[in-house]
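Each remark here refers to the structure printed beneath this line.
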Amino acid sequence: MAHKLETVAVHAGRDDLHTLGVHALPIDLSTTYPTPHLDEATASIDALEAGARTAPNPIYATIHNPTVWRFEDGLARLEGADGAVAFASGMAALTACLLAAQDHGRHVVAIRPLYGGSDHLLDHHLLANDVTWATPNTVAEAIRPDTALVLMETPANPTLALVDIEAVVTQAGSVPVLVDSTFMTPVLQNPLRHGAALVLHSGTKFLGGHGDVVAGVVATNESWCAKLRRVRMLTGGILHPLAAYLLHRGLQTLPLRVRAAQAGARVLVDHLKDHDMVERVLYPGLPACDPLGLVGRQMSGPGSMLAFEVRGGHPAAAAVMEQVELLTPAVSLGSTDTLIQHPAGLTHRVVDPAALKAAGISQGLLRISTGIENPEDLWEDLRGALNRAKEAVFEAPDAPVPLGGASTENRHGTFMKSMPHPGGSRLQFD
Ligand SMILES: *Cc1c(COP(=O)(O)O)cnc(C)c1O
């Protein structure tokens with residue numbers, strides 16, 4: 001009988017430990033591997049160059065590493081994939097997918113909103129991709145004979161908008177669909193089971209789970225894996241073995257962490273809905289945010305990411321960021337601690353202003369990545385921050401409270417109001 005998720009999370013990718021006579025994952029830091037038998041080494045390099053999963057001799061650290069390979073194996077098992085290919089970051093993983101797709105053509109269809117960095121990468125045509133931006137309903141009409149990839153994210157960052165993977169796959173026809181499933185992890189969503197060709201995770205987030213690893217990984221079929229390994233070998237965007245070790249260790253507790261954080265998010269959402277500073281809450285577990293009924297069908301749970309809009313726009317949002325004490329005001333997500341950030345000012349600042357507006361990413365929007373602290377402690381802190389923000393913005397706007405909205409620098413040293421939008425000085429590669 002196939003093992004259940006929690007069992008796979010603990011054991012996957014550890015098949016050879018018994019033979020090696022060890023209990024914990026070995027960390028192989030070799031940059032090179034002895035090649036006393038030249039014919040075997042040459043055959044190995046030929047196989048690895050062609051994208052083989054493994055070979056008798058790893059040859060060189062940018063080509064193959066056993067510690068990284070074990071993590072890839074574990075992640076692939078959790079996603080129900082043939083294999084997985086790990087990279088130095090989520091963006092390195094996305095870059096490799098876009099490069100590998102160029103075998104088929106240069107055209108990419110992408111559904112907004114996406115993670116700000118992904119949007120930025122596509123919007124600057126750095127990789128010579130020709131991009132058509134689509135909505136979940138306009139994918140079919142955006143497809144061309146040279147379309148190599150359809151890119152989507154669900155839940156989308158930062159609005160938590162849900163996209164029906166199967167509906168996009170149907171519209172894409174024979175074009176492979178890549179789903180960025182970072183917000184869900186393999187615990188809550190397996191896009192390959194819904195027809196996606198590739199699933200991407202920023203390992204920096206929930207997979208590592210403790211805010212101390214930068215990584216990316218793509219799980220897919222063997223032919224895509226081979227292409228991605230070749231791109232990785234050619235471009236060198238490899239994952240360090242120490243990072244692979246931490247990620248693999250993190251997989252063991254992933255189901256526990258994801259479910260604990262999800263339970264906390266539900267508590268925060270319930271409280272936030274009733275606070276008079278909160279105009280709307282965006283969370284996949286709210287019926288209004290899941291019109292297609294994807295929670296339960298495409299996702300096994302709503303997850304631990306949520307966003308909400310505060311009354312009072314930018315000054316109020318900045319005040320909340322300033323006033324939290326237990327929550328960490330910071331970008332990123334999926335850590336054991338709860339993070340709060342302002343998408344328009346931080347993660348999505350690089351996105352075209354018109355696209356921000358279309359996606360509803362306003363100046364009052366804050367995004368929370370719920371951690372695994374006690375949820376009532378989190379709410380106590382957030383409620384206090386909301387109350388103090390209300391006081392500062394609406395009740396005593398002239399009081400000398402050092403708020404982000406009232407001065408140009410908040411206590412974290414982030415300039416929020418004085419910076420022009422980078423629209424005029426954005427990097428231009430095209
Ligand atoms: C963070 C993130 C990425 C990029 O990953 P890095 O590891 O930071 O390069 C891509 N997609 C989503 C949804 C993310 O949250």
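Order of listing sets the numbers, starting from 1, for every ligand and every atom in it. Everything quoted here is computed from the prediction, not taken from an experiment.
Open room surrounds OH on Y60; 12 or fewer heavy atoms of other groups in view lie less than 6.0 Å from it.
Within 4.0 Å of ligand 1, protein heavy atoms belong to S89, G90, M91, Y115, E153, N157, D180, T182, S202, T204, K205, A215, L333, listed by chain and number.
The existence of a salt bridge linking E222 and R229 is confirmed by a sub-4.0 Å separation between a basic side-chain nitrogen and an acidic carboxylate oxygen.
Contact of the V320 side chain with the L382 side chain is registered, since non-hydrogen atoms from C-beta on lie closer than 4.5 Å.
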Between H124 and H120, does the ring-ring contact (aromatic ring centres under 6.0 Å, His included) criterion hold? Intermediate values first, please. CA-CA 6 Å; H124 285 107; H120 200 206; 4.3 Å; yes
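Using a 3.5 Å distance cut-off with no hydrogens or angles, the side chains of Q189 and H194 do not pair a donor with an acceptor.
For the side-chain contact (heavy atoms from CB on, under 4.5 Å) test, residues two or more places apart in sequence or in another chain that qualify with I59 are T35, A41, S44, I45, L48, N57, I63.
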